[in-house]
Protein chains: 2
Amino acid sequence: MNYSFSEENYLKAIYHLEQYLKGEVSTNAIADKMDTKPSSVTDMVQKLADKDLLTYKKYKGVLLTAKGKKIAASVIRKHRLWEVFLVEKLNFHWDEVHEIAEQLEHIQSEELVKRLDNFLGNPDFDPHGDPIPDPQGNVKKTEKKLLSECLKNQRGICVGVKESSGEFLQYLDKKNISIGTKITVLGKEFFDGSMVIQVGQDQFFISKVIAENLYVQTS
Amino acid sequence: MNYSFSEENYLKAIYHLEQYLKGEVSTNAIADKMDTKPSSVTDMVQKLADKDLLTYKKYKGVLLTAKGKKIAASVIRKHRLWEVFLVEKLNFHWDEVHEIAEQLEHIQSEELVKRLDNFLGNPDFDPHGDPIPDPQGNVKKTEKKLLSECLKNQRGICVGVKESSGEFLQYLDKKNISIGTKITVLGKEFFDGSMVIQVGQDQFFISKVIAENLYVQTS
DNA sequence: TCCTAATTTTAGGCAAAGCTAAAAAAATAA
DNA sequence: TTATTTTTTTAGCTTTGCCTAAAATTAGGA
Ligand SMILES: [Mn+2]
Ligand SMILES: [Mn+2]
Ligand SMILES: [Mn+2]
Ligand SMILES: [Mn+2]
């Protein structure tokens, strides 16, 4: 009924990888993501399989069970709710909250999460534009695409970031881009994928790397 | 620089015991308080002594060093600030917050504590009337005494509880007693220490056990 | 196919934090 | 002052979560 921090972190990492890879998650992929060794992953994965949180076939990778998915989603829900709290109530900046949420996501109390959610006004997205799973673990799919997929003259609203390192978020701040910002593609260079975009009154150049890490919603 | 949950819990327990006992804290006392075995305490106490968080002499008990005291006070500060948050912002009842605060007290982020404190309006006391240590670990001493020490016709304001079990706090609720409530001693039975007190318009009987667990401030 | 390289698992160990049982020291009682 | 009881420590084991090194398996290239 109660899982350790480590177990919860593994489930969360596997959950994300499974979505990204759309299938089995390999030992090495998990080790990479969690900054640990493949042999340690094998150990843990066997333990999680014993607890019916995932299915594991030697040399074939793992898949979360319904039970495993639910726990992972609940950890992610807590993580994102706390991030909203930190930004909305404590006025943290969106690039400062991840580390703290990594700790807060493991606090165990159903009632606390319920009340926190309510206190925050039942938000649907975290400060980085990521959807907050509902109490049952369901995630609202949103229509979003990468800015890099947009064509010239297309217009979109920034709804999230793919990468959320401090450096990237600080870059976005410098350019006055945040969740909700309207972006227009003024030009696109097919050779290197770079773009010229308009944000408010400003027009400026961005590289492909930037465009590939910004999610927008186009109408 | 960073201490484990277990280490922090030991430091906190020893801090409280040291104040209560006004001197060295024995292995058994710690084991009792922490619901663990004396042999486990000896192990941990040796580790904490190695880290200069306390002084330990075999068979003689322990005393926190300045360093140990500071860490303990910071954990207590966090515990009590979070309790205020849970009661004031999330509308938890004062008898429901301790368990959750036991978890939250270990979250590590100076900045978080600073902002939380500010968000809560820099409170001086937690929902049970216990003082919140300042960031340096200093605790405001308050003039308070047990209701049981009051004489007939004395009047006081409830400023805290000694025991804070759910049962006791729920009893107080039933009697409409909380922090800030004015209490008048109408009568006192010297044989068994029981009292008749007035709370608002109500007059009722309380046993010695109750009177010995309620702190009041008399003017 | 067969050989090499990459991936994954196993074996064996370590540190943290706990436990029980036995030994040692201190406190109490006779 | 002894003898007994209580307290405290030591010794030895367990579990969790991690590691390195070696073995096993799978995947890719020629
Ligand atoms: Mn985590
Ligand atoms: Mn986020
Ligand atoms: Mn604790
Ligand atoms: Mn309290």
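Numbers restart at 1 for each chain; the letters A, B, ... are given by sequence-line order, proteins then strands.
The side chain of B/Lys37 contributes no N or O atom lying less than 4.0 Å from OP1 or OP2 of C/dA17. The side chain of A/Asn28 contributes no N or O atom lying less than 4.0 Å from OP1 or OP2 of C/dA6. For A/Tyr56 and C/dT9, the shortest distance from a side-chain N or O to OP1 or OP2 is below 4.0 Å. Remark: B/Thr36 is in phosphate contact with C/dC19, judged by side-chain N or O atoms under 4.0 Å from OP1 or OP2.
The existence of a salt bridge linking A/Glu111 and A/Arg115 is confirmed by a sub-4.0 Å separation between a basic side-chain nitrogen and an acidic carboxylate oxygen. Using a cutoff of 4.0 Å between basic side-chain nitrogens and carboxylate oxygens, A/Lys51 and A/Glu7 are scored as salt-bridged.
Nucleic acid contact for B/Phe5: none, since no nucleic acid atom lies under 4.0 Å from a heavy atom of the residue. As judged by a 4.0 angstrom heavy-atom cut-off over every strand, A/Thr27 is placed among residues touching the sugar-phosphate backbone only. Using a 4.0 Å heavy-atom criterion, one finds that A/Thr42 contacts the bases of the nucleic acid, with or without backbone contacts as well.
As a whole-Å value, the separation of B/Asp32 CG from D/dT7 P is 9 Å. Rounded to whole Å, the distance from CD1 on B/Ile30 to C1' on D/dT8 is 12 Å. Atom P of nucleotide D/dT16 and atom CD of A/Glu8 are separated by 16 Å, given to the nearest angstrom. One can place CG of B/Asn9 at 12 Å from C1' of C/dA17, the figure rounded to the nearest angstrom. Rounded to an integer number of Å, the gap from A/Met34 CE to D/dC18 P is 7 Å.
No hydrogens or angles were tested; on distance alone, a donor-acceptor pair under 3.5 Å links the side chain of A/Ser39 to the base of D/dT20.
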>> I'd like to know whether A/His98 forms a ring pair (Phe, Tyr, Trp, His ring centres under 6.0 Å) with A/His79, so could you lay out the CA-CA distance, the side-chain angles of the two residues, the decisive distance to 0.1 Å, and finally the verdict.
In response: CA-CA 8 Å; A/His98 184 75; A/His79 184 107; 4.7 Å; yes

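Taking the centre and axis of the six-membered ring of B/Tyr15, the NZ or CZ atom of B/Lys70 falls outside the cone set by 45° and 6.0 Å.
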